[in-house]
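Every heavy atom of this structure was used, including side-chain atoms; hydrogens, water molecules and symmetry mates were not. Counting starts at 1 for both ligands and their atoms, in listed order.
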Amino acid sequence: MIKKVDHIGIAVTSLVNTLPFYTDVLNLPLIGIEEVDTQKVRVAFLQAGSTKLELLEPTSKESAIAKFIEKRGEGIHHVALGVESIEDRIIEMREKGIRMIDEQSRPGAGGASIAFMHPKSASGVLFELCEKGMKG
Ligand code: CMX
């Protein structure tokens, strides 16, 4: 079912302040920066070998990322698992008793279709199912 770890999401207060660490210190190639209005975030994707890092900056106090940073501070926010046939995978998760935040997939960054599982169903980890993310 799971093809790979598509990306790891990291919550940051400021992309401008944070990006130089990733591009200049870690020398990771910047794939692109994009605003996802529906999630109230601005995201930067970096290539990290065969997977990617997604830096998430909130664009509103109502953003899930703003609430996360307020409660826990900056840091790792979610793990995105690359899948095929995401609607079938969502049905499969529900049949296995997993509480889905998204009962149907919705558009995410990079033209992907995404759906989150509730962290209460996954030992405290926020997992995202992700189909056809940015650059595969
Ligand atoms: N990882 C693990 N646990 C998390 C979490 C995270 N990222 N965010 C919240 N939680 C936990 C909280 O600690 C809390 O646990 P306790 O009840 O034990 O304290 C529980 O989940 C509920 O959290 P909350 O803060 O009370 O409720 P929220 O209203 O903040 O909702 C969540 C949390 C996960 C349902 C919500 O953040 C959500 O729907 N996330 C999915 C969407 C999202 O994260 N979008 C961001 C952009 C993603 C993208 O475009 O890539």
Inset, instruction - Provide, to 0.1 Å, the distance between atom 2 (C) of ligand 1 and the closest protein heavy atom, together with that atom's residue and name. - result: Gly124 O, 3.1 Å
Legend entry - Heavy atom of protein inside 4.0 Å of atom 43 (C) of ligand 1, strictly below: yes
Inset, instruction - Take atom CZ of Arg106 as the centre, draw a 6.0 Å sphere, and report whether it contains more than 12 heavy atoms from other residues, nucleotides or ligands. - result: yes
Inset, instruction - Give a yes or no on this: more than 12 heavy atoms of other residues, nucleotides or ligands lie within 6.0 Å of atom CD of Glu92. - result: yes
Legend entry - Over 12 foreign heavy atoms within 6.0 Å of CD1, Ile101: yes
Inset, instruction - Specify whether the nearest protein heavy atom to atom 19 (O) of ligand 1 is under 4.0 angstrom away. - result: no
Legend entry - Ring center gap for Phe127 and His78 short of 6.0 angstrom: no
Legend entry - Residue and atom name of the nearest protein heavy atom (relative to atom 32 (C) of ligand 1), distance in Å to one decimal: Ile101 CD1, 4.3 Å
Legend entry - Under-4.0 Å protein heavy-atom contact, atom 9 (C) of ligand 1: no
Inset, instruction - List every atom of ligand 1 that sits less than 4.0 Å from any heavy atom of Ala64, numbering the atoms from 1 in the order shown and giving each element. - result: 37 (O), 43 (C), 44 (O)
Inset, instruction - Please answer whether the main-chain N or O of Phe116 pairs with a side-chain N or O of Asp102 as donor and acceptor at a distance below 3.5 Å. - result: yes
Inset, instruction - Measure Val36 to ligand 1 on non-hydrogen atoms and call it side chain, backbone, both or neither using the 4.0 Å cut-off. - result: neither
Legend entry - Where ligand 1 meets Lys71 - atom numbers and elements under 4.0 angstrom, heavy-atom basis: 24 (P), 25 (O), 26 (O)
Inset, instruction - Run the contact test for Gly108 against ligand 1 with a 4.0 Å cut-off on heavy atoms, strictly below, and give the result. - result: no
Legend entry - Presence of salt bridge, Glu70 and Lys67, under 4.0 angstrom: no
Inset, instruction - Using distance alone, determine whether Arg72 and ligand 1 share an N or O pair under 3.5 Å. - result: yes
Inset, instruction - Might you check, step by step, whether the distance between atom 29 (O) of ligand 1 and some protein heavy atom is under 4.0 Å? - result: no
Inset, instruction - Among all protein heavy atoms, pick out the one at the shortest distance from atom 49 (C) of ligand 1; state its residue, atom name and that distance to 0.1 Å. - result: Leu56 CD2, 3.8 Å
Legend entry - Backbone of Asp88 reached by a side-chain donor or acceptor of Ser85 within 3.5 Å: no
Inset, instruction - Give the C-alpha distance, both sets of side-chain angles, the deciding distance and a yes or no for side-chain contact (heavy atoms from CB on, under 4.5 Å) between Ile10 and Tyr22. - result: CA-CA 12 Å; Ile10 300 170; Tyr22 290 90; 3.6 Å; yes
Legend entry - Nearest-contact summary for atom 21 (O) of ligand 1 - protein heavy atom, Å: Pro119 CG, 3.7 Å
Inset, instruction - Give the contacting part of Val43 toward ligand 1: side chain, backbone, both or neither, where contact means a heavy-atom distance below 4.0 Å. - result: neither
Legend entry - Considering all heavy atoms, the nearest Pro119-Leu126 contact: CD-CD1, 3.9 Å
Legend entry - Distance flag for atom 4 (C) of ligand 1, protein heavy atom under 4.0 Å: yes
Inset, instruction - For Lys120, counting its heavy atoms only, list the atoms of ligand 1 lying under 4.0 Å from any of them. - result: 15 (O), 16 (P), 17 (O), 18 (O)
Legend entry - Side chain, backbone, both or neither: Gln39 near ligand 1, heavy atoms under 4.0 Å: side chain
Inset, instruction - Using a distance threshold of 4.0 Å (strictly less than), state whether atom 39 (O) of ligand 1 has a protein heavy-atom neighbour. - result: yes
Legend entry - Atoms of ligand 1 close to Glu54 [distance to a heavy atom under 4.0 angstrom, numbered from 1]: 51 (O)
Inset, instruction - May I ask you to test the Thr23-Leu46 pair for a side-chain heavy-atom distance under 4.5 Å? - result: yes
Inset, instruction - For residues Leu55 and Val43, determine if any side-chain heavy atom of one lies less than 4.5 Å from a side-chain heavy atom of the other. - result: no
Legend entry - Protein residue, atom and distance nearest to atom 48 (C) of ligand 1, heavy-atom basis: Phe116 CZ, 3.6 Å
Legend entry - Lys40 side chain near Glu62 side chain, heavy-atom distance below 4.5 Å: yes
Legend entry - Carboxylate-amine/guanidinium proximity below 4.0 Å for Arg94 and Glu103: yes
Inset, instruction - Heavy-atom contacts with Glu128 under 4.0 Å: which atoms of ligand 1 show up? List them by number with element. - result: 51 (O)
Inset, instruction - Considering the heavy atoms of His77, write down every atom of ligand 1 situated less than 4.0 Å from one of them. - result: 1 (N), 6 (C), 7 (N), 44 (O)
Inset, instruction - Would you check whether Arg106 has a nitrogen or oxygen atom less than 3.5 angstrom from a nitrogen or oxygen atom of ligand 1? - result: no
